[in-house]
Novice: 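Sharing a structure with you now.
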Amino acid sequence: MQSSRHHGDDSGHSLVFFDLETTGLDVPTCDIVQMSAVCGDASFNVHMLPRRRMSPQASRVTGFTVQDDALLLHGRRVETVSRQRALITFVDFVRSFSRPVLVAHNAFRFDAPVLARALREFCLQSEMEHVLSGFLDTFLLSKELLGPTGIRKYSQEYLVEHFLKKSYRAHNALEDVKALQELFHHWNPAPSIIRRHIFTMAQLDDPFFALPYLGPRHRFFFQL
DNA sequence: TGCCAGGCCCTCTTTAGGGCCTT
C-alpha cells in the first residue's frame, strides 16, 4: 500500500525531482555514479561505483574520479552502495509518494532512458512502472512555458540564475534537484501544461510517442 | 591506449551546418 505523502501539483501528482551524474553522455552505455531526488523536504542521495571509466569530460564537469576501486569526489572518497541496492532503494523512495512523477531537466533525452536501462538490468523496470505515474521533462516544459517570453537559453544552470537570481553547485546531483524543485515552484506551471508533458517509461521505447515533442513544422505536417 | 552522442531546431536552409541540452 502506498503512503499518502504528497508534495505535488494540483493534479494530485507528487513531483519527485531527480538527477543522475554519470560516466558520460552516451545514453546507451554510460553508468550512473550519483542518483539524487527530492520531493518537498524528503531527499534521496546515493553514490555507486561505475563499471566503465569516467570520461575525462564527465570527470571535469562533475568532479568524480575512480581510483583503486573507490569513487572520489574532488579527490575525497565517497561512500558507495551496489548499483542494485541503489536502484531498489530508489524505487522504494519513489513508492513512498502518492502518484509520483519523476521530474528532471532533459529527462526525455537523458535521465529517463538512462534510469530505465539501469532498472532493466536488474529486472526492476516493471516494478518502477507499477509505482510511477510518469516522467516530466522541465527542459521541454520550459521551452513551451518560456518561449513567448523571449528566453533563448534553457540550461538548468542558466534558468536558475535568471529566475532565482542565484548560482549553485551545478553538477552535484543533490544540489541540482533542490535547485530544480525551487525553480519549478517559482514557475508554478498550470496543471494542464504539466499533464501535457508527462510521459511513461513505456513511451520512451515508442517511436510514435515523440509526436507531442515535435516542433511546429512537424506538428503542422501531421495535421495535414 | 585513447577517445567518446544523439536528435531536434534554427537559419545567412532544404544539394547544410552549427548549436543546444544532458554528463
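Naming convention: chains lettered A, B, ... in sequence-line order (proteins, then strands); numbering from 1 in each chain.
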Novice: Rounded off to whole Å, could you give me the CZ-to-C1' distance for the A/R117 and B/dA5 pair?
Specialist: 12 Å
Novice: Do you know which of A/I32, A/L102, A/V46 makes side chain to side chain contact (heavy atoms under 4.5 Å, CB included) with A/F90?
Specialist: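 When A/I32, A/L102, A/V46 are each tested with A/F90, the side chain to side chain contact (heavy atoms under 4.5 Å, CB included) holds only for A/L102.
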Novice: From CG of A/N172 over to P of B/dT22, roughly how many Å is that when rounded to an integer?
Specialist: 15 Å
Novice: Is the ring pair A/F199/A/F135 parallel, tilted or perpendicular, if the boundaries are 30 and 60 degrees?
Specialist: parallel
Novice: Output a table of donor-acceptor pairs, distance under 3.5 Å, between side-chain atoms of residues 56-67 of chain A and any protein atom two or more places apart or on a different chain; print 'none' if there are none.
Specialist:
| unit_1 | atom_1 | unit_2 | atom_2 | d |
| --- | --- | --- | --- | --- |
| A/S59 | OG | A/F64 | O | 2.7 |
| A/T62 | OG1 | A/A58 | O | 2.7 |
| A/T62 | OG1 | A/F64 | N | 3.1 |

Novice: Using a cut-off of under 3.5 Å, enumerate the N/O to N/O pairs linking the protein to nucleotides 2-4 of chain B.
Specialist:
| unit_1 | atom_1 | unit_2 | atom_2 | d |
| --- | --- | --- | --- | --- |
| B/dC3 | N4 | A/R53 | NE | 3.0 |
| B/dC3 | N4 | A/R53 | NH1 | 2.6 |

Novice: Using whole Å, what does the distance between atom C1' of nucleotide B/dC20 and atom CD1 of A/I151 come to?
Specialist: 15 Å
Novice: Of the nucleotides B/dT23, B/dC21, B/dC8, which has the atom closest to the A/T22 side chain?
Specialist: B/dT23
Novice: A/K143 or A/F110: which one's nearest nucleotide on DNA chain B is closer to the 5' end?
Specialist: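 Per heavy-atom nearest nucleotide, the more 5' residue is A/K143.
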Novice: Measure the distance from CG on A/L159 to C1' on B/dT22 and round it to the nearest whole Å.
Specialist: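 Interatomic distance, CG of A/L159 to C1' of B/dT22: 13 Å.
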Novice: At under 4.0 Å between heavy atoms, what does A/H171 touch on the DNA or RNA strands: base, sugar-phosphate, or nothing?
Specialist: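 Base contact.
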Novice: Could you state the CG-C1' distance from A/L25 to B/dG6, rounded to the nearest angstrom?
Specialist: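 Computing the A/L25:CG to B/dG6:C1' distance gives 10 Å.
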Novice: Starting from C1' on B/dA5, measure out to CZ on A/R109 and report it in whole angstrom.
Specialist: 12 Å
Novice: Going by the rule salt bridge (charged side-chain N to carboxylate O under 4.0 Å, His left out), which residues pair with A/E121 if we only count those two or more places apart in sequence or in a different chain?
Specialist: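 Per chain and number, A/E121 pairs via salt bridge (charged side-chain N to carboxylate O under 4.0 Å, His left out) with A/R51, A/R83.
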Novice: Can you check the A/Y154 OH to B/dC8 P distance for me, whole Å?
Specialist: 18 Å
Novice: Pairing donors with acceptors under 3.5 angstrom, does anything connect the side chains of A/Y168 and A/Q156?
Specialist: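 The criterion, which ignores hydrogens and geometry beyond distance, is satisfied for A/Q156 and A/Y168.
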Novice: Rounded to whole Å, please give me the gap between NZ in A/K153 and C1' in B/dC20.
Specialist: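 Taking atom C1' of B/dC20 as the reference, NZ of A/K153 is at 8 Å.
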Novice: A/D111 near the nucleic acid: base, sugar-phosphate alone, or nothing, with a heavy-atom cut-off under 4.0 Å?
Specialist: nothing
Novice: Would you confirm whether A/T138, through its side chain, and A/L141, through its main-chain N or O, come within 3.5 Å as a donor-acceptor pair?
Specialist: no
Novice: Would you check if the side chain of A/D137 reaches a backbone N or O of A/A107 as a donor-acceptor pair within less than 3.5 Å?
Specialist: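 Pair found, side chain donor or acceptor close to backbone of A/A107.
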